[in-house]
2 protein chains.
Amino acid sequence: MSQAAEKFPSPAEQTRAALVRAGLRLFGRKGFEGTSTREIAALAKANIGSIAYHFGGKEGLHLACADFIVETIRSIANPELAQAAAATGPNDAAERLKQSMERIVGFFVVSPDVGDFAQFVLRELSVPSPALDRLYTGVFEPTHRQLCTIWEQATGEPAESEVTKIRIFTLIGQVVYFRIAREAVFRRMGWTEIGPAQATLIASVASGNLSSILASRKGGKS
Amino acid sequence: MSQAAEKFPSPAEQTRAALVRAGLRLFGRKGFEGTSTREIAALAKANIGSIAYHFGGKEGLHLACADFIVETIRSIANPELAQAAAATGPNDAAERLKQSMERIVGFFVVSPDVGDFAQFVLRELSVPSPALDRLYTGVFEPTHRQLCTIWEQATGEPAESEVTKIRIFTLIGQVVYFRIAREAVFRRMGWTEIGPAQATLIASVASGNLSSILASRKGGKS
DNA sequence: GTCTATAAACAGATAGAC
DNA sequence: GTCTATCTGTTTATAGAC
């Protein structure tokens with residue numbers, strides 16, 4: 001949209017950024033329809049008219065939030081993607097799978113403001129809107145594809161086969177569920193937050209599952 | 001609330017039931033705030049005033065929807081709970097775990113109108129409201145507890161330990177994720193629905209994961 | 001660019017006829 | 001019990017002053 005440069009943000013860009021961050025949080029927590037533009041403007045310390053001015057309306061801001069997520073994740077993930085491209089042995093690949101799991105736990109499950117991203121994405125999944133298209137092609141698809149590729153390197157099973165794609169979904173799901181069912185987890189575990197300590201526990205269990213699944217492929221089957 | 005008997009529904013009970021089913025669907029799909037009472041009344045072919053009359057207002061209907069889910073699941077699950085109570089050998093327990101997984105796939109993932117239940121529950125999880133309390137104590141907690149118990153029978157690991165509880169969450173998550181990320185699954189798999197054929201596939205992958213995890217406990221570790 | 005005032009649509013709740 | 005009409009508040013979007 002605007003200039004790519006963000007060296008020193010103009011006051012207008014500051015307003016835009018504040019509105020996006022506020023929208024991200026409120027849309028994620030209360031849904032698109034559950035959030036009023038007045039709330040967003042208040043949280044961003046901007047006036048109500050500014051959202052129509054900068055984004056053309058509530059929906060425009062919603063899309064801008066999705067784009068912000070895609071760009072942020074891209075800028076984080078790109079370096080890692082390059083590293084992952086290098087083909088390696090099965091053991092290295094297995095290790096990279098584990099690391100990916102742990103990163104997903106860190107990103108999706110632990111609470112800080114990155115949690116707003118996760119919440120927003122999950123809500124888009126449950127109420128598909130035009131914003132989901134951008135999230136899917138920008139984040140979901142490439143991530144899933146990459147994991148499928150690493151899986152092939154680790155097990156020899158074809159990356160784009162139906163079972164591999166499903167397998168990767170199960171691996172992601174076992175971890176992401178702790179964000180989704182967060183409230184139920186709190187009550188059942190007696191936790192009041194999911195901080196680093198809890199994340200470590202979750203990651204170790206998920207990692208153990210993954211090891212078991214990989215192990216049965218090496219020694220056991222066929 | 002009303003008479004427990006439901007032998008032949010009075011016209012009033014029919015209206016109540018229609019409102020609950022409409023509320024269940026719309027609250028699940030569009031959220032509490034995203035759903036207007038006018039929509040609900042229209043879908044239920046009732047008039048707007050009836051929801052205030054029968055439930056005291058929009059929130060009352062929301063709670064009634066949660067209660068309906070709890071009662072329905074109870075009536076289905078109670079017979080199975082009795083069966084599960086009977087202690088058996090590790091192999092039987094492992095088999096029962098697999099069956100539970102498959103039942104969860106059938107319930108949560110496959111599309112028919114039971115899907116409204118799943119959608120409603122998931123939405124409650126992401127936007128906790130008083131209705132979540134009833135769902136948690138009525139459905140979530142007992143189910144998770146039961147699975148933990150079976151896990152102990154299968155592996156000898158204590159049911160109420162921290163890792164066992166987390167382990168069961170990962171097992172549930174890997175399956176439930178197919179409902180949550182349904183839209184992404186569709187696109188990535190090239191599916192247009194999750195019917196019996198797709199559910200079988202998912203269940204077999206999840207079941208395979210479970211087998212691997214159990215196997216590494218029998219032969220491998222410590 | 002920012003902010004205020006206002007318009008037009010829509011929300012949930014209610015009163016009262018039937 | 002059902003249904004209609006209406007009240008009161010809130011929503012998004014916009015027009016125009018600064």
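All figures in this text were calculated on a predicted structure; none of them were measured in a lab. The chains referred to below are lettered A, B, ... by the order of the sequence lines, with proteins before strands, and numbering in each begins at 1.
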Q | Ion pair B:Glu160/A:Arg188, N-O distance below 4.0 Å | A |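 Yes, charged N to carboxylate O under 4.0 Å.
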Q | Salt-bridge criterion met for B:Arg187 and A:Asp133 (N-O under 4.0 Å) | A |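 Yes, B:Arg187 and A:Asp133 are salt-bridged.
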Rounded to whole angstrom units, what separation is found between the [atom1] atom of [X] and the [atom2] atom of [N]?
X	N	atom1	atom2	value
A:Glu59	D:dT11	CD	C1'	15 Å
B:Leu19	D:dC3	CG	C1'	13 Å
B:Lys45	D:dC3	NZ	C1'	17 Å
A:Ile40	D:dT10	CD1	P	18 Å
B:Leu61	C:dG12	CG	P	11 Å
A:Tyr53	D:dG16	OH	C1'	14 Å
A:Ile51	C:dG1	CD1	P	17 Å

Q. Hey, where does DNA chain C pair up into stems, meaning at least three consecutive Watson-Crick or G-U pairs with distances under 3.5 Å?
A.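 Expected stems, ordered by start: C:1-10 with D:9-18, C:12-18 with D:1-7.
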Q) Atom CG in A:Leu171, atom CD1 in A:Ile166: separation rounded to 0.5 Å? A)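 Rounded to the nearest 0.5 Å, the CG-CD1 separation comes to 12.0 Å.
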**Q.** Gap separating the OG atom of B:Ser129 from the CD atom of A:Glu183, nearest 0.5 angstrom
**A.**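 The OG atom of B:Ser129 sits 10.5 Å away from the CD atom of A:Glu183.
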Return yes if some donor-acceptor pair links the side-chain N/O of [X] with the main-chain N/O of [Y] below 3.5 Å, else return no.
X	Y	value
B:Arg179	B:Phe108	yes
B:Gln198	B:Gly195	yes
B:Glu13	B:Ser10	no

Q: Using a 4.0 Å heavy-atom cut-off across all strands, classify A:Ala52 as base, sugar-phosphate, or nothing.
A: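 The answer is base, as A:Ala52 lies within the cut-off (heavy atoms under 4.0 Å) of a base atom.
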Q | Closest approach of A:Gln119 to B:Ser126 (non-hydrogen atoms, all atoms of both residues) | A |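 Smallest heavy-atom distance, with atoms named: NE2-O, 3.8 Å.
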Q: Summarise protein proximity over nucleotides 4-11 of chain C in one line of letters, 5' to 3': B for base, S for sugar-phosphate only, - for none, counting protein heavy atoms closer than 4.0 Å.
A: B------B
Side-chain donor-acceptor pairs of residues 57-66 of chain A under 3.5 Å, sequence neighbours excluded:
residue : atom : partner  : partner atom : Å
A:Lys58 : NZ   : A:Phe32  : O            : 2.9
A:Lys58 : NZ   : A:Thr35  : O            : 2.7
A:His62 : NE2  : A:Glu124 : OE2          : 3.0

